[in-house]
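Source: prediction; values computed, not measured. Quick note on labels: first sequence line is chain A, next is B, and so on, each numbered from 1.
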Amino acid sequence: MPEKPVIAEPAEASEGLPKTFDPALFEARWYETWERDGRFQPVGPPGSPRFVMVIPPPNVTGRLHIGHAYGRTIEDILARWMRMRGYRVLWVPGTDHAGIATQMVVERELQKEGTDRRALGRERFIERVWEWRRASGDTILGQLRKLGCSLDWSRLRFTLDPALSRAVRHAFVQLYRDGLIYRGRYVVNWCPGCGTAVSDLEVIEKTTAGSLYKILYDVPGVPEGAVVATTRPETMLGDTALAIHPEDPRNAHLRGKRAILPIAGRELPVVEDAILVDRDFGTGIVKVTPAHDANDYAVAQRHDLPAVVVIGPDGKMTAAAGEYAGLDRFEARKRIVERLEKEDRLVAVEPHEIALGTCQRSDDVIEPYLSEQWFVKVKPLAEPAIAAVRAGAVRFVPESWAKTYFSWMENIRDWCISRQLWWGHRIPAFTCENGHVLVEEEDPVACGQCGSARLVQDPDVLDTWFSSQLWPFSVMGWPERTADLADFYPTDVLVTGYDILFFWVARMIMAGLRFTGEPPFSTVHLHGLVRVGGEKMSKTRGNVIDPLEAIEEFGADAVRFTLASAASSGPTVSVERGRMAGSRNFATKIWSAARFTLAQLEGKDTPPSPRGLSLRLPDRWILSRLDAASAEIQRHLEGFRFDEAAAEIYGFLWHELCDGYLEMAKPVLSGPDPDAARATRSVLRKCLADSLALLHPFMPFVTEELWEKLTGKPGTLVATPYPESSGEWRDLPAEASVEALRAIVTRVRTFRTERGAPPTSPVALAIDPRSPPRAVVGDLEILSPILRHLGRLSSLAFETPSSGVFRDVVAGIQLGLALPEGSVPDPEGRTAKALAEVDAEIAQLSAKLQNPDYLSKAPAPVVEKTRMRLRELETKRAALGSQ
RNA sequence: GGGAGGUUAGCUCAGCGGUAGAGCGCCUGCUUUACACGCAGGUGGUCGCAGGUUCGAUCCCUGCACCUCCCACCA
């Protein structure tokens, strides 16, 4: 392969931009400038229009992943856009203490040191976590800065800050006093790996291939005994009854009998329970294990049965399991099955698909486990929260999420909020030596009932989400009546992934209404989850996109623009590496356009606004397009369609401003008419300035950098008014004429390609002045110099094309085209192909226009459009057919 | 068992009642007074399948197929 000749680049003059740019050279600098200048803090008098968001607080242990980058980019686009529109914008940053996740990180460290938290003790362990947090937490905050997020760092919050801890305690005490928090012994989801209870939402069901074991229980007086099916034989040692359906004739003979529990030899009553037992399933006989199954526990309550805990909090069999004590639950299962087989009690083992509950955090198999826990009674909180969404006080974008929200909220179950962890908000409940329970805002010194000073605080901490649900107002200082709370609450928009709709969004709405009387935000934008090229991101697939690496490689602007472009309304958001490069190319394109523009403006008189100048058609066209683009961008941003907004500005900037206007401007800028050149410079300047402003929320860094070059006002684009459509520049006649010109230029170029002529070969063009869009023809005469230039025409005549030339119709304009000589007429038979297409469409349209139903029922403008199209096609047919 | 969403160009996705779009890829030309991270031209789609509504359907309705994802205590 021959190497490209290396052309020495002329030494760059002292002024002028380099050809390409390095985002690393200015991204950090601009961020610091904005922050130093207080751009991220709300400015303006309280009461003036404001726009408030709180960040979904990432885990302190977290590192920025593509999902964060996506959500925060959307938020930052909103924040910057609203700021430029003159709102007092507040976007509150912060992190979440993330109970289990953080505790696990530090526990792993301890493990490496050969110790554990129990050896350390509670106090020293907690101190250790704080140390860890000081040393390595909050890295994600620096990463958000890299992304360009315009967060108000003066209001940085952490869910374990003293003020936020007070909010948590206040909320707990209030709910307790209102009877909405209670303590009790129930079967909860227990994660043996984490050593704590978790809520229903933290259990991930995975369908797994398992087995259904059919076990024979002896029943004195019933020779055939009772065959019981179970997927978890190890729990049988905790059986305290068998249950049958009261109306099941198959098992009527078992009524009132007592069965013998195999292995253990204990007697079990046979109870009748219509709720638990499904007559149509299996043998209709169910083993009842109250300590290890929530349904069985309910049966035990109804029939006053004891509960025997055979699996302990560590996942190992307890002393109650007799000879199996100390064995891991799965090992115990194996041994018990072996034993049953040996004793000939295993009637059958059938393959059975089971829904295995696993821990969201540790992936361990969840055990239903009977224990003392704290719960929130959620129904009374849910009702007003449902009503608020129904009434439109909270709106979901996209709307369809409301349905999911309702169905969950309407069937909501109590929330287990106690966690057997050390890292988190400790439950503010104390028990005195006489068993009195005290729940108060301040640590009590003596029991209010018996006066005892020997008080023990509940060892558990609260579910992390208990504090998260208060976030939109706890960050504002609630329950204190702070100025921020008065001024900035409720917030406006919440942006987050739909995956935490139940965990967080729903609970915030409930808590906000309960504690502040208002919903915490008026709009919830639930975005999709990021996938890479349609596939879930995973390390094994090797398709993980690390946003920090991407920022290194392409720049933060490119990463942001890519994410914004990918933002569809659907549940998945597909991001590809190729898109990142494309966005980087786009940034370079702007850079290059600015470089050209700046070179043109340099040292020349250029009015900042084209208003009052005498503008030519291309000027009017691009200003009209700019106005239209501004309107579209605004419409899409208002509708949370960041992809469409991004596409709009991309298309305008690249294909209209650069491909279109810049090329038309070149001959004018160097042409003989100084007034025209001056007007062109002014339009160029306005287009560049407005483009930079329009693009700023998406690509804040490169636009700010270029803004400084253009205006000499460093760091001010962030606070420049966002361009909005005024309609002032809208000019449809100019659009029609310039678009006709562009179409004709394209036709001339295609003509060359068709004829196999080199791109530079001169074409003689005739434009039929009798073509129907008369105004356009007139404009084209005015545009002649540009048309000649762009089309590289040897001649341009406004006359009926002579019979010898190739004829066609473009945008209604009848053209005659001719190459010098010796060119191939039409090597690929394109004319014939085009003719066939025209004929087909003519046939279709005439059929339509002969259909009386169409004529009478279709709207008149549509019919008129069809007529016009048909007329144009007929002209085109005549032109093409004359070859 | 309920519920939601999807199926459009080779890939990733927009569009959603009046003649099919983008980016990337692919093909052909190009050092054309910013940009090869570029310019110009082009290739490429019975818009999952079958019915229905309509003057007209990729778009609305019904059914089917396949794919995601949520929710649900069936041993």
Side-chain angles (χ1 to χ4, degrees), chain A residues 4-5 7 16-17 19-20 187 205 212 228-232 243 275-278 280-289 293-298 352 354-355 368 400-401 403-404 407-408 411 498-499 501-502 528-529 531-534 536 554 558 562 565-566 568-579 581-600 641 643-644 647 650-651 658-659 662-663 666-667 669-670 745-746 749-750 752-754 758-760 792 841 844-845 848 851-859 861-863 865-866 869 873:
Chain A
K4 264 191 180 173
I7 297 158
L17 264 41
K19 235 173 145 177
T20 56
V187 173
E205 297 232 317
L212 187 66
V228 172
T230 181
T231 54
R232 308 180 57 217
I275 299 172
L276 178 76
V277 184
D278 177 354
D280 302 324
F281 188 91
T283 57
I285 309 170
V286 184
K287 66 194 262 309
V288 180
T289 319
D293 186 296
N295 289 315
D296 292 5
Y297 186 69
H352 190 74
I354 48 174
S400 57
W401 287 110
K403 212 169 170 177
T404 310
S407 71
W408 188 71
N411 300 297
Y498 70 83
D499 54 330
L501 171 59
F502 306 144
L529 272 22
R531 298 277 132 87
V532 174
K536 208 167 185 167
F554 303 107
T562 302
S565 306
S568 70
S569 56
T572 60
V573 175
S574 184
V575 175
E576 293 171 296
R577 274 191 91 71
R579 284 245 171 189
S583 301
R584 189 263 328 269
N585 296 353
F586 179 48
T588 308
K589 186 76 183 175
I590 302 150
W591 184 268
S592 166
R595 186 164 167 255
F596 172 80
T597 303
L598 291 168
Q600 296 302 323
R641 288 306 304 264
D643 55 337
E644 298 282 359
Y650 182 100
C658 290
D659 294 347
L662 248 50
E663 294 308 320
K666 281 175 184 172
L669 289 165
S670 58
V745 169
T746 298
R749 289 169 176 165
T750 319
R752 286 196 187 91
T753 310
E754 278 169 11
T760 47
R792 288 172 178 273
E841 204 181 332
Q844 197 191 330
L845 294 186
K848 233 177 178 181
N851 179 347
D853 284 334
Y854 177 71
L855 295 174
S856 62
K857 289 181 181 163
V862 172
V863 176
K865 222 173 134 189
T866 310
R869 175 75 185 148
L873 283 170

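- In RNA chain B, stems built from 3 or more consecutive Watson-Crick or G-U wobble pairs, each with both distances under 3.5 Å, span B:1-7 with B:65-71, B:10-13 with B:21-24, B:26-30 with B:38-42, B:48-52 with B:60-64.
- For A:D659, the side-chain atoms get nearest to B:A40 when compared with the rest of B:U33, B:A40, B:A75.
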Protein-nucleic acid N or O pairs under 3.5 Å, nucleotides 22-26 of chain B:
| from | atom 1 | to | atom 2 | distance (Å) |
| --- | --- | --- | --- | --- |
| B:G23 | OP1 | A:H655 | NE2 | 3.2 |

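- Comparing B:C13, B:A75, B:C35 by their nearest atom to the side chain of A:K589 picks out B:C35.
- Residue side chain A:E663 reaches the base of B:A34 through a donor-acceptor N/O pair under 3.5 Å, judged by distance alone.
- The residue A:N851 sits close only to the backbone: its heavy atoms come under 4.0 Å of sugar-phosphate atoms, none of a base.
- Here the nucleotide nearest the side chain of A:T230, chosen from B:C55, B:A75, B:A34, is B:A75.
- Residue A:L212 is classed as having no contact, given no heavy-atom separation below 4.0 Å to the nucleic acid.
- Residue A:L662 is classed as a base contact, given a heavy-atom separation below 4.0 Å to a base.
- In this model, a side-chain donor or acceptor of A:R584 finds a partner on the base of B:C37 within 3.5 Å.
- Along RNA chain B, the nucleotide nearest A:F502 and the nucleotide nearest A:T20 are compared for position; the residue whose nucleotide lies closer to the 5' end is A:T20.
- Within the 4.0 angstrom heavy-atom criterion, only backbone atoms of the sugar-phosphate kind lie near A:R641; the bases stay farther away.
- Looking at A:D853, its side chain has no donor and acceptor atom pair within 3.5 Å of the base of B:C55.
- Listed nucleotides: B:U32, B:A34, B:U33. Nearest to the side chain of A:S670: B:U33.
- Within 4.0 Å (heavy atoms only), A:A858 reaches at least one base atom of the nucleic acid.
- A:Y650 and A:S565 are not linked by any side-chain donor-acceptor pair at a separation below 3.5 angstrom, with hydrogens and angles left out of the test.
- The side chain of A:S592 has B:C35 as its nearest neighbour among B:A40, B:G18, B:C35.
- Under 4.0 angstrom from either OP1 or OP2 of B:G41 there lies at least one side-chain N or O belonging to A:T746.
- Donor-acceptor pairing under 3.5 Å, judged by distance alone, is absent between the side chain of A:K19 and the base of B:A36.
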Where do N or O atoms of nucleotides 1-9 of chain B meet protein N or O atoms at under 3.5 Å, pair by pair?
| from | atom 1 | to | atom 2 | distance (Å) |
| --- | --- | --- | --- | --- |
| B:A4 | OP1 | A:K403 | NZ | 2.9 |

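- For A:V286, the side-chain atoms get nearest to B:A75 when compared with the rest of B:G42, B:U19, B:A75.
- Distances from the side chain of A:P859 to the nucleotides B:A75, B:G18, B:U33 place B:G18 closest.
- A:A581 comes within 4.0 angstrom of nothing in the nucleic acid, heavy atoms only.
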